[in-house]
Amino acid sequence: MLQALGNVLLPVMLVAGLGALLSWRMPVDQGTVARLTMYLLIPALVLDVILRTPVRAAEAAQLGAAYLLVMAASLLLGWLCGLGRPGSERRALSASVGIWNSGNMGLPMALFAFGQAGFERATVVFLVSIVAMYVVGPALFGSGTRGGKGGGWRGALGAVLRLPTVWVAAAALLLRALDVTLPQGLSRGVSLLAQATLPLVLLSLGLQLGAGGWPQLHGRLWLAAAARLIGGPLLGLGVGALCGLRGESLAVLILSASMPTAVNALLIAREYDGDTDTVAGVVLLSTLGSVVTIAGVVALLPRLG
């Protein structure tokens, strides 16, 4: 476990920690960093990986379907954590368990743990998670609003269609299907942007956590954090095995499902007037707790083979 902590978690925590320290010491325009990442760097990463990855279409579809099943089970688990609580808090707990950090932490963790092959499979999971997150999040939080920002499934669809990553992924899949190769100059430019993505998403994670402050904690938040960090990888193992995943695909799914609650869940809750205090609490607890739980998962994953 100590080797996993040092080789896999330490680089992630170091970069994110520097971002948190910077945000704590001085004001940083997080909106600009987030927009730069979401609208430029991540689309470049997606384009670069789809055009270069050797992952077969059937394997990618199987992995994506397994991710969606784990997400659905995690949303239900979070909903159960909120039984007996007001509707807004119950929805926030469901989102906190069901929307996890497949990008900021999932991608670099897969790269450090499994190398390029694992990173390519983690990118498949990340692509599916982007679409799923911006469908489930607005639909979940929007269902509790009255004449506010919530738009139900129509608003969710609009949010997804506004993401350049979705359109870039579709274009990349079409180029790959037609066996079209980008000009070398353009390909190198895209690769340069793609290489800048992981450091910046980790810094962005640290900036958001450093500026978030310390929320008020209570029992349901601890329960939801435990459901995310312990229930997540167990669901990944069970669902992955049922879906017939093997080897690196199964390991990547389990590792992804062990990630802490995504900061984007908090951003979506804020956009749709959800219970941001509850989501912020689970983000904080699950992120801190993941230092131990992810190290344990990384140490145990080789035994699956």
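Keep in mind that this is a model prediction, so the values were computed, not measured.
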(request) Kindly give the heavy-atom pair with the smallest separation between R91 and W79, and that separation in Å. (result) CG-CZ3, 3.9 Å
(message) Can you tell me how far apart CG (L245) and OH (Y67) are? Round to the nearest 0.5 Å.
(response) 14.5 Å
(message) Looking at every heavy atom in both V279 and S96, which two are closest together, and how far apart are they?
(response) CA-OG, 3.6 Å
(message) Return the CG to CD1 distance between L255 and I294, rounded to the nearest 0.5 Å.
(response) 7.0 Å
(message) Give me each pair satisfying salt bridge (Lys or Arg N to Asp or Glu O under 4.0 Å) with a member in residues 216-234, each pair once, sequence neighbours excluded.
(response) none
(request) Look at the side chain of S94 and the backbone N and O of L75, then say whether any donor-acceptor pair between them is shorter than 3.5 Å. (result) yes
(message) Grouping I, L, V, M, F, W and Y whenever their side-chain heavy atoms are under 4.5 Å apart, do L77 and L229 come out in a common cluster?
(response) no
(request) Verify whether one side chain among Q62 and S249 offers a donor that lies under 3.5 Å from an acceptor in the other. (result) no
(request) To the nearest 0.5 angstrom, please state how far the CD atom of E120 sits from the CG atom of L107. (result) 12.0 Å
(request) Could you tell me the separation between the CG atom of L237 and the OG atom of S258, rounded to the nearest 0.5 Å? (result) 11.5 Å
(message) Clusters formed by hydrophobic residues whose side-chain heavy atoms approach within less than 4.5 Å: which one holds L300, and what are its other members?
(response) none
(request) Report yes or no: does S256 contribute a side-chain atom to a donor-acceptor pair with the main-chain N or O of L253 at less than 3.5 Å? (result) no
(message) Measuring from atom NE2 of H218 to atom CZ of R85, what distance do you get when rounded to the nearest 0.5 angstrom?
(response) 6.5 Å
(message) Restricting to non-hydrogen atoms, name the atom on G236 and the atom on L250 that form the minimum distance, rounded to 0.1 Å.
(response) O-CD1, 4.1 Å
(message) For C81 versus L223, what's the shortest heavy-atom pair and its separation?
(response) SG-CG, 3.8 Å
(message) I'd like to check F114 versus L301 (side-chain heavy atoms, cut-off strictly below 4.5 Å). Are they in contact?
(response) yes
(request) Please report the closest heavy-atom contact between L41 and A196, naming both atoms and the distance. (result) CD1-O, 4.0 Å
(message) Between L173 and L51, is there shared hydrophobic-cluster membership here, with clusters defined by ILVMFWY side-chain heavy atoms closer than 4.5 Å?
(response) no
(message) With a 4.5 Å cut-off on side-chain heavy-atom distances among I, L, V, M, F, W and Y, is there a chain of contacts connecting I130 to L69?
(response) yes
(request) Please answer whether the main-chain N or O of T287 pairs with a side-chain N or O of S290 as donor and acceptor at a distance below 3.5 Å. (result) yes
(message) Quick one, T261 with I99, criterion side-chain contact (heavy atoms from CB on, under 4.5 Å). Give me CA distance, side-chain angles, the key distance, then yes/no.
(response) CA-CA 6 Å; T261 303; I99 300 176; 5.7 Å; no
(message) Which heavy atom of L63 sits nearest to which heavy atom of R121, and what is that distance?
(response) CD2-O, 3.5 Å
(message) Rounded at 0.5 Å granularity, tell me how far CG in L221 sits from CG in L284.
(response) 9.5 Å
(message) Quick check: is M105 connected to M133 through a chain of hydrophobic side chains (ILVMFWY, heavy atoms under 4.5 Å apart)?
(response) yes
(message) Assigning hydrophobic clusters by single linkage (Ile, Leu, Val, Met, Phe, Trp, Tyr; side-chain heavy-atom cutoff under 4.5 Å), is V33 placed with L193?
(response) yes
